[in-house]
Amino acid sequence: MRVFKYAVIRLAVFFVVWGACMLLGLGWIFSTIAAAVIALAAGYLFFNDLRTGAGSDVASAWEGRGKREQFKSEQADAEAEDSYTEGRYFDPGSDEKL
């Protein structure tokens, strides 16, 4: 949710600055560049807690997804290996098949 809030705030700052520059007649190229720089600076300086929270939300979502996928693939590999080796080898300590 913090990612969405941060994105909306940055976009709002961008469009307010862009609209003000366009009303001043600065041209769309300069207005776009100025709005992007000011929105970046405002997000970095004034919304630092929201920015770091959004970054941690994205990082935790990225790590959680990777761990689940890794666990699933490791589990599938282990099951494939177990099904292949089941009953094929002897345990050196006993006469029974594994």
Side-chain angles (χ1 to χ4, degrees):
M1 187 66 175
R2 290 184 283 192
V3 175
F4 180 71
K5 286 181 185 177
Y6 184 64
V8 167
I9 289 171
R10 290 264 314 261
L11 284 172
V13 170
F14 175 85
F15 283 116
V16 166
V17 172
W18 185 80
C21 288
M22 289 298 287
L23 286 175
L24 293 173
L26 299 176
W28 68 273
I29 293 174
F30 181 75
S31 297
T32 303
I33 292 170
V37 169
I38 291 172
L40 177 81
Y44 189 78
L45 294 173
F46 300 117
F47 305 110
N48 191 35
D49 293 337
L50 192 57
R51 180 181 57 85
T52 55
S56 66
D57 287 351
V58 170
S60 66
W62 186 262
E63 288 173 359
R65 182 176 61 181
K67 287 181 182 176
R68 279 184 295 216
E69 288 176 1
Q70 182 180 10
F71 178 74
K72 288 179 184 178
S73 65
E74 287 177 0
Q75 188 68 25
D77 289 345
E79 289 173 2
E81 291 170 359
D82 291 344
S83 67
Y84 177 75
T85 59
E86 188 173 341
R88 291 181 179 246
Y89 299 102
F90 291 104
D91 184 11
S94 69
D95 292 331
E96 297 178 24
K97 288 188 175 182
L98 290 176

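The shortest heavy-atom contact between A42 and V13 is CB-CG1, 4.2 Å.
In summary, of the residues considered (I33, I38, L26), a side chain to side chain contact (heavy atoms under 4.5 Å, CB included) with C21 occurs for L26 alone.
Residues L45 and I9 share a single hydrophobic cluster, defined by chaining ILVMFWY side chains whose heavy atoms lie under 4.5 Å apart. Grouping the Ile, Leu, Val, Met, Phe, Trp and Tyr side chains by contacts below 4.5 angstrom, directly or via other members, places M22 with I29.
Once rounded to the nearest 0.5 Å, the distance linking CZ of R2 with CG of D49 reads 9.5 Å. In this structure, the separation between OH on Y6 and CG on N48 is 8.5 Å, given to the nearest 0.5 Å. For the atom pair OG1 (T52) and CG (D57), the distance works out to 9.5 Å, reported to the nearest 0.5 Å. Between the CZ atom in F47 and the CZ atom in R10 there is a gap of 10.0 Å [rounded to 0.5 Å].
Applying the side chain to side chain donor-acceptor pair (under 3.5 Å) definition to pairs two or more places apart or across chains, those involving residues 11-38 are W18-T32.
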